[in-house]
**Student:** 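Supplied in structure tokens, the structure appears directly below.
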Amino acid sequence: MAARTKGKMVIREHGEGPAAMLAIGTANPTNLLLPQDMFADNLFRVTKSEHLTELKEKMNRICQKTGIEKRHFHLTEETLAAHPELLDRELPSLDARIEMAATAVPKLAQSAAAKAIAEWGRPATDITHLVFSTYSAWEAPSADLKLATLLGLRPTVCRTILSLHGCYGGGRALHLAKELAENNHGARVLVACAETTLVCFGSPDGANLVGHGLFGDGAGAVIVGAGPFGEGERPLVEMVTATQTTIPRTEHVLGMQATAGGIDFHLAIQVPMLIGQNVERCLLDAFDGDAPGSWNELFWAVHPGGRPILDNIDTVLKLEPGKLAASRHVLREYGNMSGATIVFVLDELRRRRKEEDGGHLLPEWGAMLAFGPGITIETMLLRSPR
Ligand SMILES: CC(C)(COP(=O)(O)OP(=O)(O)OC[C@H]1O[C@@H](n2cnc3c(N)ncnc32)[C@H](O)[C@@H]1OP(=O)(O)O)[C@@H](O)C(=O)NCCC(=O)NCCSC(=O)/C=C/c1ccc(O)cc1
């Protein structure tokens with residue numbers, strides 16, 4: 001650790017790396033829980049679209065293929081009845097969506113963060129940095145300040161909001177938290193990710209069915225710090241190295257666009273294939289010449305962006321069945337909650353490690369992968385202290 005002196009003062013500049021995750025919390029809105037096999041019926045009924053029978057059949061086909069069983073949502077039928085503009089893309093609805101998200105997003109993040117802070121065991125005022133990721137921040141000051149206020153963080157907490165990183169937002173926030181913790185002695189970074197589909201909800205059309213079938217609402221929070229660790233602090237997972245890669249010439253295949261009628265998502269059909277074709281190169285770069293002989297030597301925390309993405313990763317990395325079980329479990333139980341999803345996967349892995357995954361010892365070393373617009377791939381090497 002680097003240390004300088006100024007008069008009698010010893011200035012410690014760096015934490016003792018690598019940084020580690022010290023606590024994890026997750027939360028979902030309690031407003032609405034929808035089983036996936038009822039999703040199409042519900043969507044077409046509340047949006048008065050039942051006459052679009054072919055579109056509804058396609059929505060049902062997509063829902064059946066997602067690998068999702070249920071999802072949580074903030075938006076209820078009552079809210080939709082009070083805001084008919086959310087159903088008609090031709091009507092301006094951005095103001096209403098921004099206003100709803102301004103309250104819902106920090107509150108959802110608060111629920112997850114409060115759990116992480118309680119597990120960590122230290123007062124919220126010991127948090128030195130906050131990194132907040134969401135695709136629903138559309139004002140300034142933003143959800144990061146609201147969350148800091150809701151949690152009673154100290155006025156000197158250093159806040160950063162990551163906006164519109166989409167599904168790799170959680171990976172990016174953890175990457176940044178690692179760098180903050182390792183470069184600031186004693187730093188304790190709260191990573192918070194909160195996503196709600198209320199910004200993009202609308203009547204089904206030919207372009208938005210996959211987004212409707214895939215995305216759900218949720219929040220995840222992680223406390224990150226580097227050594228020396230305080231009394232009671234226990235590293236859950238070490239964050240050994242982190243890299244970010246952008247797949248060249250793929251900026252058009254994945255993205256979102258703010259319009260007067262709400263947020264439009266674009267998910268091209270090639271996304272699962274492109275991720276499959278590029279993921280091994282990202283891993284080899286992250287391992288920097290020190291990759292294991294088989295990817296099965298690792299445990300895996302992969303953003304479950306969609307079922308075919310996980311299938312393609314299984315295939316190209318020649319993973320044994322069950323290696324992506326935590327990701328498939330999260331997809332099944334919650335859907336794709338964009339940037340928050342990776343925190344749910346880390347939490348599920350931690351739960352499985354506690355139970356030693358039904359008698360199987362999970363490996364010491366692991367890899368985290370998160371994908372989003374760009375196409376951007378965040379890769380982090382992890383180590384679980386024994
Ligand atoms: C469940 C799907 C939709 C279908 O499963 P399948 O195994 O491909 O099954 P099929 O090949 O039988 O396809 C069923 C139907 O869906 C259609 N389809 C199949 N992908 C498509 C398609 N991307 N379009 C539009 N029709 C399709 C397909 O053409 C077909 O239509 P049809 O023949 O009429 O039944 C599956 O492809 C899937 O999960 N795709 C989504 C993968 C994906 O891009 N995930 C997003 C990863 S990145 C991420 O998480 C970040 C997002 C994000 C970004 C920005 C932000 O700000 C925030 C968040």
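All ligand and atom numbering here is 1-based and tracks the order in the structure. Being a predicted model, the structure only gives us computed values, none of them experimental.
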**Student:** With heavy atoms under 4.0 Å as the rule, classify the contact between Leu254 and ligand 1 as side chain, backbone, both or neither.
**Tutor:**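 For Leu254, the contact with ligand 1 is made by the side chain alone.
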**Student:** Does only the side chain of Cys167 get under 4.0 Å from ligand 1, or the backbone, or both, or neither? Count heavy atoms.
**Tutor:**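 Near ligand 1, Cys167 shows its backbone as well as its side chain.
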**Student:** Below a 4.0 angstrom heavy-atom separation, can you tell me which part of Lys65, side chain or backbone, both or neither, approaches ligand 1?
**Tutor:**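 Within the 4.0 Å criterion, Lys65 contacts ligand 1 through backbone and side-chain atoms alike.
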**Student:** Which ligand 1 atoms, with their elements, are less than 4.0 angstrom from a heavy-atom of Lys58?
**Tutor:**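 Those atoms are 31 (O), 34 (O).
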**Student:** Can you list the ligand 1 atoms lying under 4.0 Å from a non-hydrogen atom of Thr66?
**Tutor:**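 Heavy-atom distances to Thr66 below 4.0 Å select 1 (C).
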**Student:** When you measure from the heavy atoms of Gln270 to every atom of ligand 1, does any distance fall below 4.0 Å?
**Tutor:**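 It does not, in that no heavy atom of Gln270 comes within the 4.0 Å cut-off of ligand 1.
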**Student:** Which residue holds the protein heavy atom closest to atom 23 (N) of ligand 1, what is that atom called, and what is the gap in Å?
**Tutor:**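 For this ligand atom, the closest protein heavy atom is Leu267 O, 2.8 Å.
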**Student:** If you measure from each non-hydrogen atom of Phe215 to ligand 1, which part falls under 4.0 Å: side chain, backbone, both or neither?
**Tutor:**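 Phe215 to ligand 1: side-chain contact only, backbone stays beyond 4.0 Å.
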**Student:** Just to verify, which of Arg71, Arg332, Lys70 counts as forming a side-chain hydrogen bond (donor to acceptor under 3.5 Å, both in side chains) with Gln36?
**Tutor:**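 Output: one option passes, namely Arg71.
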**Student:** Can you sort out which atoms of ligand 1 are near Ile62, meaning under 4.0 Å from one of its heavy atoms?
**Tutor:**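 Matching atoms, with element in brackets: 1 (C), 3 (C), 15 (C), 16 (O).
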**Student:** Cation-pi check for Phe299 against Arg353: NZ or CZ below 6.0 Å from the six-membered ring centre and within 45 degrees of the axis, yes or no?
**Tutor:**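 Yes.
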**Student:** Of Pro308, Gly211, Gly306, which has the heavy atom at the shortest distance from atom 36 (C) of ligand 1?
**Tutor:**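 Comparing heavy atoms across Pro308, Gly211, Gly306, the nearest one to atom 36 (C) of ligand 1 lies in Pro308.
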**Student:** Throw together a table of side-chain donor-acceptor distances under 3.5 angstrom for residues 309-324, partners on residues two or more places apart or in other chains.
**Tutor:**
| residue | atom | partner | partner atom | Å |
| --- | --- | --- | --- | --- |
| Asp311 | OD1 | Arg328 | NH1 | 3.1 |
| Asp311 | OD1 | Arg328 | NH2 | 3.0 |
| Asp311 | OD2 | Arg307 | NE | 3.0 |
| Asp311 | OD2 | Arg307 | NH2 | 3.4 |
| Asn312 | ND2 | Pro272 | O | 3.0 |
| Asp314 | OD2 | Arg328 | NH2 | 2.8 |
| Thr315 | OG1 | Asp311 | O | 2.9 |
| Lys323 | NZ | Asn296 | O | 2.9 |
| Lys323 | NZ | Leu298 | O | 2.7 |

**Student:** Considering the heavy atoms of Gly305, write down every atom of ligand 1 situated less than 4.0 Å from one of them.
**Tutor:**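 Listed by number with element: 45 (N), 46 (C), 47 (C), 50 (O).
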**Student:** Taking a cutoff of less than 4.0 Å between a non-hydrogen atom of the residue and any ligand atom, is Tyr168 in contact with ligand 1?
**Tutor:**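 Contact absent.
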**Student:** State the atoms of ligand 1, each with its element, that fall below the 4.0 Å cut-off from a heavy-atom position in Leu214.
**Tutor:**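 So the atoms of ligand 1 that pass are 39 (O), 41 (C), 45 (N).
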**Student:** Quick test: of every protein heavy atom, which one is nearest to atom 28 (C) of ligand 1, and how far off is it to 0.1 Å?
**Tutor:**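 Going by distance alone, atom 28 (C) of ligand 1 is nearest to Ile269 CD1, 4.3 Å.
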